[in-house]
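For clarity, every value in this text was computed on a predicted model and none was experimentally measured. All heavy atoms count here, side chains included; hydrogens, waters and symmetry mates do not.
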Amino acid sequence: KDRWRQILEEADRVPYKHLLTLQRGVSSTQFKQMNSSGIRLVVPSALHTSYPKEVQGSLLTFADFIAEARAACE
């Protein structure tokens with residue numbers, strides 16, 4: 001549940017990190033902590049409704065993530 005904190009310790013030189021997860025929901029507070037630490041949460045669109053409404057608009061789908069990764073490589 002708190003594996004996102006491990007990302008901060010292991011990838012300190014990477015400015016923007018993506019966490020792909022199947023976890024259903026996180027608290028708004030926890031999401032804000034992730035976001036302020038540079039972690040973008042990637043969740044299947046079917047699970048977006050299990051997150052607080054104020055968080056849902058900031059979640060990436062897998063398709064969003066792939067599109068961003070492709071654009072970064074161009």
Engineer: Do any pairs count as a ring pair (Phe, Tyr, Trp, His ring centres under 6.0 Å) and have a residue in residues 44-64, sequence neighbours left out, and if so which ones?
Structural biologist: none
Engineer: Under a 3.5 Å distance rule, please check whether Gln30 uses its side chain to pair with a backbone N or O of Lys32 as donor and acceptor.
Structural biologist: no
Engineer: Taking atom OG of Ser45 and atom CD of Gln56, what is their separation to the nearest 0.5 Å?
Structural biologist: 11.5 Å
Engineer: Can Ile39 be reached from Val43 by stepping across I, L, V, M, F, W or Y side chains whose heavy atoms are under 4.5 Å apart?
Structural biologist: yes
Engineer: Please tell me whether Val55 and Leu41 are part of a single hydrophobic cluster in this structure, the criterion being side-chain heavy atoms less than 4.5 Å apart.
Structural biologist: yes
Engineer: Backbone N or O of Gln23 within a donor-acceptor pair of the Thr21 side chain at under 3.5 Å?
Structural biologist: yes
Engineer: If the condition is side chain to side chain contact (heavy atoms under 4.5 Å, CB included), which residues does Ser50 pass it with, not counting sequence neighbours?
Structural biologist: Arg24, Leu47
Engineer: Quick one: list whatever passes side chain to side chain donor-acceptor pair (under 3.5 Å) with Thr61, sequence neighbours left out.
Structural biologist: Asp64
Engineer: With Asn35, which residues qualify under side chain to side chain donor-acceptor pair (under 3.5 Å), at least two apart?
Structural biologist: none
Engineer: Can you list everything that forms a side chain to side chain donor-acceptor pair (under 3.5 Å) with Ser28? Sequence neighbours excluded, please.
Structural biologist: Glu54
Engineer: Pairs under 3.5 angstrom only: tabulate donor-acceptor contacts from the side chains of residues 66-74 to other protein residues two or more places apart or in another chain.
Structural biologist:
{"from": "Glu68", "atom 1": "OE1", "to": "Arg40", "atom 2": "NH1", "distance (Å)": "3.1"}
{"from": "Glu68", "atom 1": "OE2", "to": "Arg40", "atom 2": "NH1", "distance (Å)": "3.2"}

Engineer: Looking at residues at least two apart in the chain, or sitting in another chain, which of them share a ring-ring contact (aromatic ring centres under 6.0 Å, His included) with Phe65?
Structural biologist: His18
Engineer: With ring pair (Phe, Tyr, Trp, His ring centres under 6.0 Å) as the rule and sequence neighbours excluded, what pairs involving residues 19-40 come up?
Structural biologist: none
